[in-house]
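Notes follow the structure.
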Amino acid sequence: MTWESYAALVALGAFHGLNPAMGWLFAVARGMQERSRSVLLRSLPPIAAGHLASVAIVAAVISATRSVVAANVVGIAGGVLLVGFGLWRLLSERHFRWAGMRLSSAQLAGWSFLMSSAHGAGLMLLPVLATTPVPVTHAGHAMSGSPGGALTGLAAAGVHTVAMFTVMAGCALLVYEFLGVNILRRAWFNVDRLWAGVLVAAGALTIALTA
Amino acid sequence: MTRWTPDPTFYPSPGAAAGAPPEKLAYVAAFDRAAEKPDAIAVIDTDPASPEYGRVVGWTDLPHTGDELHHFGWNACSSALCPTAPHPHVERRYLIVPGLRSSRIYVLDTLADPRNPRLVKEISADELAEKANYSRPHTIHCGPDGIYVSALGAGQGGDGPGGIAILDHKTFDVRGQWEADRGDQHLAYDFWWHLTQDVLVTSEWGTPDMIEDGIVPELLLGRKYGHRIHFWDLAKRSLVQTVDLGDQYQMTLELRPAHDPSATHGFLGVVISVEDLSASIWAWHRSDGSFAVRKIIDIPAEPADPDLLPPALKPFGAVPPLVTDIDLSVDDRFLYVSCWGTGELRRYDVSDPFNPVFLDSVHLGGIVRRTPHPAFPEERLAGGPQMVEVSRDGKRVYVTNSLYGSWDDQFYPDGVGAWLAKIDATDEGLTLDDRFFPHGDEFRGRRVHQTRLQGGDASSDSYCFPS
């Protein structure tokens, strides 16, 4: 992957980490409920793990598929899928449903996995994955199928999640220690709408770059 | 369409909500006991600076008759900030208004003209019965994953079990029955929750057959009305624990859990003890994983001349207090208790939930007392403080005077009238507001039940973050 690809993955990770709905707010709530910073901190790894799993599956599928079919087919098909998903997110206004708040670490990871998946977090990486040159062997042709192709996706998901985790932890601690949750009343702009817009833009970009 | 910033009426914590600006309008359920005119939502100006302060300034008639509007609630509230399924950019704009007798549920939009809410959807009794197998919808709470509606009866007939139906947040379609495992729960009435602790609490009144034609003396003396409360796992939707208060304690009605999400206590009002006609308040709290419920307040019956009593009470020679509603201030300090029989609104300091301190009270109406409002000292009032609503800042308390059509007729047989009073509350005391007393013809022949305040009130919102 190129330097630009990594930068894009980090930026998307930061964007996901910034979204209160992706986990940091839940970590803050758990910390506040128990009046314990360590509860907050212990909540972050499961949330990141769930996010990683969600993103990695999508990324691995995209990358593995790219190594066996023509790159522009993946790009265009994925792009169309992404635009459609983004438009649906934009227009449907339906929100994620989950009633319970007292979760074990495993349940917290599961919650994060579902939250990320429902929001199409992994799909958002499509422009990066679809435009990254497929790893080539010394024989000069694309590696055939997974796991080689999928590894690219997994690496991308890992980089993305590290960035997501860092920003999420920063937001959570900043709000817990200094700002207080009342900041949400003013500062929580409609990430969901922006998010949907990014999905649509990512899909369109992918089509443009790979067609 | 969603907003770019969170709805300004959503607050992450009760402490923040207590700093909310005063409400400018109040919405009041108004119903025609004769079922000849349509029921309505009346809109009252609560802005002291307005020339129309204390007057009915808006009115929305519903399209049918005989609904018997009772309780209602907002489509969204501060629980939209809860972190598991946040959606803070929806608007608090729709009133979800059930008809307790007709089983219809209306959705009114208050956005375009807050003084004249517009009907945008109607859920038929058939839809509620088909999709959730419930009828007689009652209490509304905006949950993190949908709108919760309690219902007193099963889908068909006049029996139970009553329970909770879920409405979709967005479309308001009935999504189905909430309970996955209800155990032996059969009677239903109120519900609320400790949201961050995955606990839902429900209380018991009676099935439609037990209440719709009036209180049934044989059922009451036979101790057949509800006397239990139930604790559920909110996430698993299953009954975890039932506490029986003892069958002399008839009708466990209103539930008011602490607003502080880190607290695990709450309050329950019991209408009457068949042993001495007293009313009582109970507190629950959790210890070692299970809930204990303890009586914390007894309000005795008041002896009275039988000649002054309605037929149902003559044999007893006393007026029961009839605690039919309670409300807890957002800061969890003050518990307001309506004594609909004796015509009194009491205030207790419940900072220490198990050692409440009686502070003060206001008298209005009452079966025997008939205390007038200070602004109209010649008018002996019928009914008593019943539905009580407290503003978010705790400074204003609103009371209406009707309980339930057929029950009004039994306890106030010469007519219950219609009035809405406002009480100013400070740490020093309670004072009836002389300038605020819409009553009588202002309500166009309807009786008035629950009040909801614009932007939220002490019984509308749940919070996921401690102050």
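Here is the naming used below: chain letters follow the sequence lines, and residue numbers restart at 1 for every chain.
Going from atom OG1 of B/T196 over to atom OH of B/Y463 covers 13.5 Å, rounded to the nearest 0.5 Å. Going from atom CD1 of A/I47 over to atom CZ of A/F113 covers 15.5 Å, rounded to the nearest 0.5 Å.
Contact annotation for B/S467: only backbone heavy atoms (N, CA, C, O) come within less than 4.5 Å of a heavy atom of chain A. Only the side chain of A/W111 comes within contact range of chain B, with at least one heavy atom under 4.5 Å from a heavy atom of that chain. Heavy-atom distances place the side chain of B/P88, and not its backbone, under 4.5 Å from chain A. Using a 4.5 Å cut-off between heavy atoms, A/R35 touches chain B through its side chain atoms alone. Looking at B/L195, only its backbone comes within 4.5 Å of chain A, counting heavy atoms on both sides.
Using a cut-off of 4.0 Å between Lys/Arg side-chain N and Asp/Glu carboxylate O, B/D332 and B/R256 are scored as not salt-bridged.
Annotation: A/H51 is in aromatic contact with A/H160 [ring centroid separation under 6.0 Å].
Using cut-offs of 30° and 60° for the angle between ring planes, the B/Y148 and B/W178 rings count as tilted.
B/P98 and B/H71 make their closest contact through CD-O, 2.9 Å (heavy atoms, listed as atom of the first residue, atom of the second, distance).
Chain A forms the most heavy-atom pairs under 4.5 Å with one residue out of B/R237, B/Q197, B/K236, and that residue is B/Q197. By number of non-hydrogen pairs under 4.5 angstrom with chain A, the leading residue of B/D260, B/D168, B/L234 is B/D168.
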